[in-house]
Amino acid sequence: MSQEQLKPITLMGANASGKTEIALALAHRLSGEIISADSKQIYKFLAAGTAKPAGAWAEPPAGRAYLVEGIPYNLVDTLDPRATYDAGSFVKEAKAVLVKIQAGGKTPVMAGGTGMYIQAFWNGIDELPPADAALREKLAAVARSSGKEALHAELAAIDPQAALRIPPGNIQRVIRAIEITRLAGRPVSQIWSGRFFNALPVHDGKFIFLKWQRDLLAQRIKRRTAARFDEWADETRALIAKGYPADCPGLKTLGYPQVLDYLAGRLSKPEAIRLITASSLAYAKRQNTWFGRYKNAMLIELTKFEDYDPAAIADRIIAS
RNA sequence: GCCGCGGUAGCUCAGUGGUAGAGCACUGGUCUGAAAAACCAGGUGUCGUUGGUUCGAUCCCAACCCGCGGCA
């Protein structure tokens, strides 16, 4: 196996675009292992709701692995839904996995739809203070009592540059900017190096963006949501029965709030499916906007259903 | 058949005698440890149809069409 063949393949695309099947086809052909770049499939017990690839945990002598079609699928099904996860953790873990895969003489295939994680992985992220839940809650309380504008003004007072870049309505980012500035002791705008944004990802290997024509993707999402809804409802009911709070990080995932509303009788099944489909589509739009920036990615456009042939697409990627 | 209510954006609806607006949807975009998150921008229209009154009607009047409810 040459060094060239051990270079990673990064496969990006919106939800329901069929990345998993293509990644598996690639792994079969290249003797590869998959690294999932997905902020929600990382959680245990969220399967139907996150379209987690169906697999099983194996405990071979070589080590514990989640296997899908016999292929190790890394960074899925490992985290408790009560735990938080973030881009920094992903970068650290994914880098370790990448090294491990290559050391084993296999080809890493990174597949996922979480653009921020993929970008953080390739561009790196600046050394920033980690999240401080207590501080965040304090700042959120300020926004609740005095308003978002007041919190934004607080940011403007300590870092006018950052305040210009972040709209007052985006309270999450306002809080994060204040958090960094306070914890680091200097303005966040001076800490941002610009390496994360303002640059195309400096990737190694192949860099692929799988893009469906919108109306076709809408049909795929609609079909998939309806098909797995009952299983999704069972899964969610079981989580609540196990004592997981409805607002824990794992359940703060697209669609679960609607499923919870359905379980509570606040939404009918067709209505829940309609709402979930709509927000999945909105999410797909954001994903495509994100990946669309990557002019250095190989674009695979799917404009009819027949275009989706995982084996053929895998061959095309390998030949590129 | 009669009575009542309604017909305005893709949907649910607000509104005015000077050609119209909200929420959601939709379109484009932003993004540094919550990212399946959190945001920013954009109104896309035969105001059911046809007449009448008026300088001017989406609004007032009449007839008609359609929907819902009630009475027959």
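Just so it is clear: chains get the letters A, B, ... in the order the sequence lines come, proteins before strands, and each one is counted from 1. Quick caveat: nothing in here was measured; it's all calculated off a predicted structure.
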* Spacing of A:Leu217 atom CG relative to B:rC26 atom P, expressed in whole Å -> 12 Å
* Asked: Who are the ring-ring contact (aromatic ring centres under 6.0 Å, His included) partners of A:Tyr73, not counting sequence neighbours?
  -> none
* Asked: Expressed as a whole number of Å, how far does the P atom of B:rC5 sit from that of B:rC47?
  -> 24 Å
* Asked: Does the distance from a Lys or Arg side-chain N to an Asp or Glu carboxylate O, for A:Glu271 and A:Arg274, drop under 4.0 Å?
  -> yes
* **Nearest-angstrom distance from the residue atom OH of A:Tyr294 to C1' of B:rG29** => 15 Å
* Asked: Paired with B:rG51: which nucleotide, if any, by Watson-Crick or G-U wobble criteria at under 3.5 Å for both distances?
  -> B:rC61
* B:rA37 versus B:rU30 - spacing of their C1' atoms, nearest Å -> 14 Å
* Reckon A:Arg274 has a side-chain N or O less than 4.0 Å from the OP1 or OP2 of B:rA25? -> no
* To do: Let me know the distance between NZ of A:Lys222 and C1' of B:rA25, rounded to the nearest Å.
  => 13 Å
* Asked: What heavy-atom pair brings A:Ile166 and A:Ala177 nearest, and what distance separates the two atoms?
  -> CD1-CB, 3.8 Å
* Where does B:rG33 land, syn or anti, given syn is within 90° of 0? -> syn
* Within the structure shown, what part of the strands sits under 4.0 Å from A:Lys148 by heavy-atom distance: base, sugar-phosphate, or nothing? -> sugar-phosphate
* C1' spacing across the pair B:rG52 / B:rG67, given as an integer number of angstrom -> 26 Å
* To do: Can you label the angle between the A:Trp122 ring and the A:His203 ring as parallel, tilted or perpendicular, going by 30° and 60°?
  => perpendicular
* Asked: What's the CG-P distance between A:Asp215 and B:rU27, to the nearest Å?
  -> 10 Å
* Does the separation of the ring centres of A:Trp192 and A:Phe197 fall below 6.0 angstrom? -> no
* Structure fact -> Using Watson-Crick geometry (N1-N3 plus N6-O4 or O6-N4) or G-U wobble (N1-O2, O6-N3), each under 3.5 Å, B:rC39 is paired with B:rG29
* How far does the C1' atom of B:rU19 sit from the matching atom of B:rC59, given to the nearest Å? -> 11 Å
* Asked: What does nucleotides 32-37 of chain B look like as a protein-contact string, B for base, S for sugar-phosphate only, - for none, at under 4.0 angstrom between heavy atoms?
  -> BBBBBB
* Asked: So, A:Ser189 versus A:Asp159: side-chain donor-acceptor pair below 3.5 Å or not?
  -> yes
* **Distance, C1' atom - from B:rC66 to B:rC55, rounded to whole angstrom** => 34 Å
* Of all heavy-atom pairs between A:Ile42 and A:Leu75, which one has the smallest distance, and what is that distance? -> CD1-O, 3.3 Å
* Asked: Can you tell me how far C1' in B:rG1 sits from the matching atom in B:rC26, rounded to whole Å?
  -> 44 Å
* To do: Take A:Arg224 and A:Thr277, measure what side chain to side chain contact (heavy atoms under 4.5 Å, CB included) needs, and give me the verdict at the end.
  => CA-CA 9 Å; A:Arg224 185 170 88 169; A:Thr277 302; over 6 Å; no
* Structure fact -> Pairing partner of B:rG21, by Watson-Crick or G-U wobble and under 3.5 Å for both distances, is B:rC13
* **Nucleotide B:rA25, atom C1' - distance to CZ of A:Arg214 in whole Å** => 10 Å
* Asked: To the nearest angstrom, how far is A:Asn288 atom CG from B:rC26 atom P?
  -> 14 Å
* Separation of the C1' atoms in B:rU44 and B:rA63, to the nearest angstrom -> 33 Å
* **Nearest-angstrom distance, C1' atom, B:rA72 to B:rC11** => 36 Å
* Asked: To the nearest angstrom, how far is A:Ile221 atom CD1 from B:rA25 atom P?
  -> 14 Å
* Find the partner of B:rC5: check Watson-Crick (N1-N3 plus N6-O4 or O6-N4) and G-U wobble (N1-O2, O6-N3) distances, both under 3.5 Å, and reply none if neither fits. => B:rG67
